[in-house]
*Asks:* 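I have a structure I would like to understand better, so I am pasting it below and will then ask my questions one at a time.
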Amino acid sequence: VDMAKIVYYPRFWDLAHRFYEESWEYSCNRHYNDILSDEGIGFPLVHSVAEFHHPLCYGDTVNCEISVTNIGTSSITWKYEFRNQSKVLCWSSEQVTVCVKMDKIRSKIPVPDWMREALTEKMLAASHSSSRGHFLVSTFLRSSFMRASHQFAFLQIAYRPLIPRRSARSNLVPWKL
């Protein structure tokens with residue numbers, strides 16, 4: 001948070017990316033770090049548009065909905081909506097990532113079939129079960145100076161910034177929100 005006790009604006013992209021990374025296990029049944037290291041596939045952000053609708057304040061609970069709205073030949077379009085505990089839309093964003101091989105980061109590659117199939121399956125299931133369409137994953141974030149938690153479907157990961165821990169699947173150390 002900043003001096004006005006609202007979320008400092010770059011934090012929205014940071015949080016969106018954290019939710020994006022965690023959504024891969026739910027959407028494609030693969031951990032994001034495994035996709036990067038084992039598959040050698042990266043997803044640089046090539047386009048981002050965002051709107052700030054309502055402030056998020058210290059202590060707010062945020063629900064983040066991530067959806068896939070388009071799968072192109074080599075790109076995936078993601079939509080994010082952050083709502084507070086009163087279900088007020090606070091921030092929305094449309095972001096486009098492009099698939100690349102990590103060793104040739106400047107050359108895009110087609111979206112792999114396994115990824116296209118899994119994301120399309122989630123998109124189709126959502127369009128039949130939700131009036132909002134293309135629902136992919138619902139994530140809850142509790143933000144404060146002392147702790148934060150992300151909850152994805154039945155998976156819960158706790159971040160304790162004062163006692164950093166290394167993830168069993170990566171060398172990344174979660175840090176304070």
Side-chain angles (χ1 to χ4, degrees), residues 1-29 31-32 43-72 75-98 115 118-164 167 172-177:
V1 294
D2 62 14
M3 292 295 289
K5 295 187 174 72
I6 60 174
V7 173
Y8 181 52
Y9 76 94
R11 284 289 203 204
F12 287 92
W13 280 270
D14 176 58
L15 292 173
H17 190 73
R18 288 172 185 244
F19 295 138
Y20 165 84
E21 286 181 359
E22 294 294 337
S23 74
W24 283 98
E25 262 187 281
Y26 171 76
S27 62
C28 291
N29 209 22
H31 193 275
Y32 184 71
F43 308 94
L45 181 66
V46 296
H47 181 75
S48 180
V49 176
E51 290 187 52
F52 297 86
H53 304 279
H54 187 273
L56 281 175
C57 299
Y58 174 77
D60 277 353
T61 300
V62 178
N63 178 36
C64 174
E65 289 185 16
I66 304 171
S67 42
V68 173
T69 59
N70 186 54
I71 304 171
S75 65
I76 302 171
T77 304
W78 306 85
K79 181 180 176 187
Y80 298 82
E81 289 187 352
F82 286 12
R83 295 179 185 274
N84 67 13
Q85 64 275 7
S86 300
K87 299 186 180 3
V88 174
L89 180 63
C90 298
W91 185 78
S92 61
S93 179
E94 183 177 276
Q95 300 181 8
V96 180
T97 58
V98 173
M115 188 180 299
L119 292 173
T120 300
E121 180 182 315
K122 296 293 183 196
M123 286 172 54
L124 292 174
S127 66
H128 290 97
S129 66
S130 172
S131 61
R132 302 186 69 202
H134 307 306
F135 176 75
L136 178 60
V137 85
S138 181
T139 307
F140 299 91
L141 165 75
R142 295 186 200 289
S143 182
S144 73
F145 286 120
M146 297 306 290
R147 69 167 207 247
S149 66
H150 300 259
Q151 184 176 343
F152 299 87
F154 301 107
L155 171 69
Q156 185 160 339
I157 301 164
Y159 290 91
R160 289 180 178 75
L162 299 178
I163 310 169
S167 167
L172 301 176
V173 177
W175 43 281
K176 183 169 84 174
L177 299 175

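Quick note: numbers below take in every heavy atom, side chains included, and nothing from hydrogens, waters or symmetry partners.
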*Asks:* Please give me the minimum heavy-atom distance between Tyr26 and Lys122, naming the atom from each residue.
*Replies:*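 So the two residues come closest at O-CE, 3.4 Å.
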
*Asks:* Rounded at 0.5 Å granularity, tell me how far OH in Tyr9 sits from CG in Leu56.
*Replies:* 16.0 Å

*Asks:* What closest approach, in Å, do Ala118 and Ser27 show between heavy atoms, and which atom pair accounts for it?
*Replies:*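 Heavy atoms only, the tightest pair is CB-O, 3.4 Å.
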
*Asks:* Examine Trp78 together with Phe43 and report whether their ring centres are nearer than 6.0 Å.
*Replies:*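 Judged by ring-centre distance (under 6.0 Å), Trp78 and Phe43 do not meet the cut-off.
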
*Asks:* The criterion is ring-ring contact (aromatic ring centres under 6.0 Å, His included); which residues satisfy it with His17, sequence neighbours excluded?
*Replies:*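 Per chain and number, His17 pairs via ring-ring contact (aromatic ring centres under 6.0 Å, His included) with Tyr20.
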
*Asks:* Given side chains that start at C-beta, do those of His54 and Asn84 come closer than 4.5 Å, heavy atoms only?
*Replies:*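 A side-chain contact under 4.5 Å exists here.
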
*Asks:* In Å, rounded to the nearest 0.5 Å, how long is the span from CZ of Phe82 to OG of Ser92?
*Replies:*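 The distance works out to 10.0 Å.
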
*Asks:* Minimum heavy-atom separation for Thr77 to Val96, with atom names?
*Replies:* OG1-CG2, 3.8 Å

*Asks:* CD/Gln95 to OG1/Thr69 distance, rounded to the nearest 0.5 angstrom?
*Replies:* 11.0 Å

*Asks:* If every non-hydrogen atom of Cys57 is compared with every non-hydrogen atom of Ile6, which pair is closest and at what distance?
*Replies:*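 Shortest heavy-atom contact: SG-CG2, 4.0 Å.
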
*Asks:* Given side chains that start at C-beta, do those of Glu81 and Leu89 come closer than 4.5 Å, heavy atoms only?
*Replies:* yes

*Asks:* Taking Tyr32's backbone N and O only, do any of them form a donor-acceptor pair with Glu21's side chain (distance below 3.5 Å, no angle check)?
*Replies:*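 Looks like no, no N/O pair under 3.5 Å.
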
*Asks:* For residues Lys79 and Ser67, determine if any side-chain heavy atom of one lies less than 4.5 Å from a side-chain heavy atom of the other.
*Replies:*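 Yes. Closest side-chain heavy atoms under 4.5 Å.
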
*Asks:* For residues Tyr80 and Leu15, determine if any side-chain heavy atom of one lies less than 4.5 Å from a side-chain heavy atom of the other.
*Replies:*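 No; the side chains remain at least 4.5 Å from each other.
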
*Asks:* Nearest 0.5 Å please: distance from the CG atom of Asn70 over to the CD atom of Glu94.
*Replies:*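 The CG atom of Asn70 sits 9.0 Å away from the CD atom of Glu94.
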
*Asks:* Does some side-chain heavy atom of Ser93 sit less than 4.5 Å from a side-chain heavy atom of Phe12?
*Replies:*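 They are not in contact (no side-chain heavy atoms under 4.5 Å apart), so the answer is no.
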
*Asks:* Closer than 3.5 angstrom, by distance alone: can the side chain of Asp60 be matched with the main-chain N or O of Val62 as a donor-acceptor pair?
*Replies:* no

